[in-house]
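Reviewing the structure listed below.
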Amino acid sequence: MKDGNLVIVESPAKAKTIGKFLGKEFLVKSSFGHIRDLSKKNLGIDIDNNYKPQYIVSSEKKKIVEELKKLSSEATTVWLASDEDREGEAIAWHLVETLKLDPAKAKRIVFHEITAEAIKKAISNPRYIDTNLVNAQQARRLLDRLVGFELSPLLWKKIKPALSAGRVQSVTVKLIVEREREINHFKTSSAFRITADFIIKGKGDKKYKLVAELDKRIRNKTDVLDLLGKLKSATFIVENVTKKSGKKSPSPPFTTSTLQQEAGRKLGFSVAQTMTLAQKLYEAGKITYMRTDSVNLSESALYSSAQLIQSQFGKEYLQTRRYKTKTKGAQEAHEAIRPAYMENSSISGSAPEKKLYDLIWKRTIASQMSDAITEKTVITISNSSSTEKFIASGEVIRFDGFLKVYMESSEEEEDETGKGLLPPITVKDNLPLEKIDAIEKYTTPPPRYSEASLVKKLEELGIGRPSTYAPTISTIQQRGYIIKEDRPGKNRNVVFITLENNLIKEIIKSETYGAEKAKLFPTDIGMIVNDFLEQYFTEIMNYNFTATVEEEFDQIAEGKMEWTKMIDRFYHTFHLKIKETETISEKTRGERILGTDPVSGKKVSVKIGRYGPLVQIGDASEKEKPRFASILKGQSIENITLEEALDLFKLPRNVGKMDGDEIVAGIGRFGPYLRLKNKFYSIPKTDDPLSVTLERAFEIIRAKQEQENNRIIKSFDTDPKIEILNGRYGPYISAGNKNYRLPKGIKPEEITSEEIMKIIAGSEKKNKKKK
DNA sequence: CAGTGAGCGAGCTTCCGCTTGACTT
């Protein structure tokens, strides 16, 4: 370290790039985020000593702290270059405290973009640590600790061990619980959507189809039949044609939240997957920092985007835009997420990395392009038999603008009408009717959250930070409060009425609805914990709680409020409520009584048991033990009916005999099964263990036996331990207790033992390399 | 791999935000 300059930043990747800009006179090191935190023993807060925090360096941070201590003692100046936000300021302060830095040689600097110019400017404008901002962070930290470490033990006592609660996670669960209940209570209704198809003759043999929709929906079927009857003999005339031009603007560049949403919708990535991939791109220097709430682009990025757009698409596609962040509580310590070098429209790397990069590149470029110009045409059609109007609308793009590279997607279903070019039509044209369809359309309940839409909601409410969206979603899944899964749809009948060739026909069609893919569902324990917290801790469960305390943190940051006083005011009432709830609340297992068992006349109830939700018939008494059964996947304490509960006791059941041995059908931890001579055969989703016939059971068992007989594709006399087997994911090599993948292009029947040895040796090498 | 369900008590669990690996499949 020449001239004794030590620069400390938060991330090692940032340290690397800054190191290049600053040259050899500066040694740039990373703190890897926070270097110390509240002690985990007890609260880590000395309540009686004016909330004195007990900070300790955790074991995994000891090494880096020792290194920084040594380097800083040798340095003449230590530049604290953590992010310019509440957490960054606190990191700098903790460094001063822990490294015991002489205030004379510790200088605080900040920069928002990583360019040589910005960094040099920062170096020439150092400041002191902002104690108020640090105190705002301490208030945030202590509040979260107090809430988390006093609420969680209460749940252990009142509900079950190892549960958790916190300012962020508990309201996140609440969002999902409330949405599920909205869906359960939703009263669906239906009305007929009526569309008319007209055939329009163009030049020569050309024909166009024009689809128009009745300007309202009709609830009643007899009213629909009535209208269609009238329209049988009607003539249809174009009453009005209007054209209106409109425009569409691009979305701002990505923040963490919008990247997670779009990668989820467009690429099907989970929130955690997106973040892992983005981290890799960031470490490889391909994109800017991926945990950000800012939509700002650096001047140099604006410039290089503009160059690129002009040369690739032309001047008319360029519109330089500077976006402003509107998000609640945004701290904007970084730029938006963008390619590090705009001129790289693609990168090398794994397929998912490439896809994510492509998404980021397109979104960034599009954000600097001109609006798309559209033209919307609306045709109003009247008829001779009634006063009803049909409307046809279409939209065409007159100038594509940013749509040339990027189109944002949406989770809501798209309307089928209102798209594309309409045939050439003028007022008073007579339209020949082809047919009229009336389809029964049901109203739909609000959609369940996906990971992506949940993150969107959290950001809107100002709950959580870019660095916590992904971990929060995984925590509440780990605690068993929510589950991400697919659910099959249900069937229902739809009335479909057609008027064609002067005939009215009515048919009943079946449609599936409500099928879900990778959606978030609350579990029983999630709902029980949620209801408990809602009952006793209304303030913390309020969606505005974070926003309210954030206002106070801002006051502290501005020096208008003392942080310990804020904490004291909060803790005083909160702690009293904890103590009170400890005494007044009962231990809850979420019990619900379903009714009486018609056979025994005993009480049937559902509740949370030691191993999950269960149904119970009868109460525990000296004479008799109650009967128990676990509830099934997809069932819940809240929704299960008496009938469904009683069905659970019909299993396991004897299906019949196969070659003298009994076949038993049941449902275990891994789903429905058939058991024959202590061997298990999974029952496929198309069948039901309650109704599966003996004949069908034979089929299922034989299919599985057949599959097992075909399991061995090839074996070797030279080495009996090695076999080529047919597995769930295709053929693979089994050697002893280890499995290896077959390389692409090799036919499993033709592989030699030499080739296998090579594959095994190659895989061993790879493992060693990783270490 | 395909169960379980009493009560007691010891010892454990837990928060949010900053940051990466070190693990396994």
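Residue numbers start from 1 in every chain, and the chains themselves are labelled A, B, ... in the order their sequence lines are given, proteins ahead of strands.
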Is [X] touching bases, backbone alone, or none of the nucleic acid, heavy atoms closer than 4.0 Å?
X	result
A:Gly33	base
A:Glu150	nothing
A:Gln279	sugar-phosphate
A:Val147	nothing
A:Gly464	sugar-phosphate
A:Gly44	nothing
A:Tyr469	nothing
A:Ala90	nothing
A:Ser164	sugar-phosphate
A:Arg610	base
A:Pro626	nothing
A:Arg167	sugar-phosphate
A:Thr475	sugar-phosphate

- [ ] Write out all pairs satisfying salt bridge (Lys or Arg N to Asp or Glu O under 4.0 Å) with one or both partners inside residues 147-161 of chain A, taking only residues at least two apart or from two chains.
- [x] A:Lys157-A:Glu582
Residues in side-chain hydrogen bond (donor to acceptor under 3.5 Å, both in side chains) contact with [X], at least two apart in sequence or another chain:
X	value
A:Lys607	A:Gln616
A:Lys14	A:Asp83
A:Arg479	A:Ser164

Suppose we screen for ring pair (Phe, Tyr, Trp, His ring centres under 6.0 Å). Which residues come up paired with [X], at least two apart in sequence or across chains?
X	result
A:Phe680	A:Tyr673
A:Tyr536	A:Phe532
A:Tyr469	none

Task: Presence of A:Ser467 side-chain N/O under 4.0 Å of B:dC18 phosphate oxygens OP1/OP2 - done: yes
Task: A:Gln169 side-chain N/O to B:dC15 phosphate OP1/OP2 under 4.0 Å - done: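 For A:Gln169, the contact criterion (side-chain N or O under 4.0 Å from OP1 or OP2 of B:dC15) is met.
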Open item on the list: Is A:Phe628 stacked against the base of B:dG5, taking the criterion as centroid distance under 5.5 angstrom and interplanar angle under 30°?
Closed with: no
Task: Dot-bracket notation for DNA chain B, counting Watson-Crick and G-U pairs under 3.5 Å, with | for partners on another strand - done: .........................
Open item on the list: Closest-nucleotide mapping onto DNA chain B: is A:Ala629 or A:Phe149 further toward the 5' terminus? I mean the 5' end.
Closed with: A:Ala629
Task: Of A:Asp144 and A:Met290, the one whose closest DNA chain B nucleotide lies more 5' - done: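 Residue closer to the 5' terminus by nearest nucleotide: A:Asp144.
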TODO: Would you state whether a donor and an acceptor, one from the side chain of A:Arg145 and one from the base of B:dC16, lie under 3.5 Å apart?
DONE: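 When only heavy-atom distances are counted, A:Arg145 does not reach the base of B:dC16 through any donor-acceptor pair under 3.5 Å.
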- [ ] Check whether the side chain of A:Ser630 and the base of B:dG5 form a donor-acceptor pair under 3.5 Å.
- [x]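 Checked by distance alone, the answer is yes.
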Open item on the list: Just checking A:Lys587: does its NZ atom have more than 12 heavy atoms from other residues, nucleotides or ligands closer to it than 6.0 angstrom?
Closed with: yes
Task: Euclidean distance, atom CD1 of residue A:Ile637 to atom C1' of B:dG5 [Å, nearest integer] - done: 13 Å
Below 3.5 Å is the cut-off: list the nitrogen or oxygen pairs between protein and nucleotides 8-13 of chain B, distance only.
unit_1 : atom_1 : unit_2   : atom_2 : d
B:dT13 : O2     : A:Ala162 : N      : 2.4

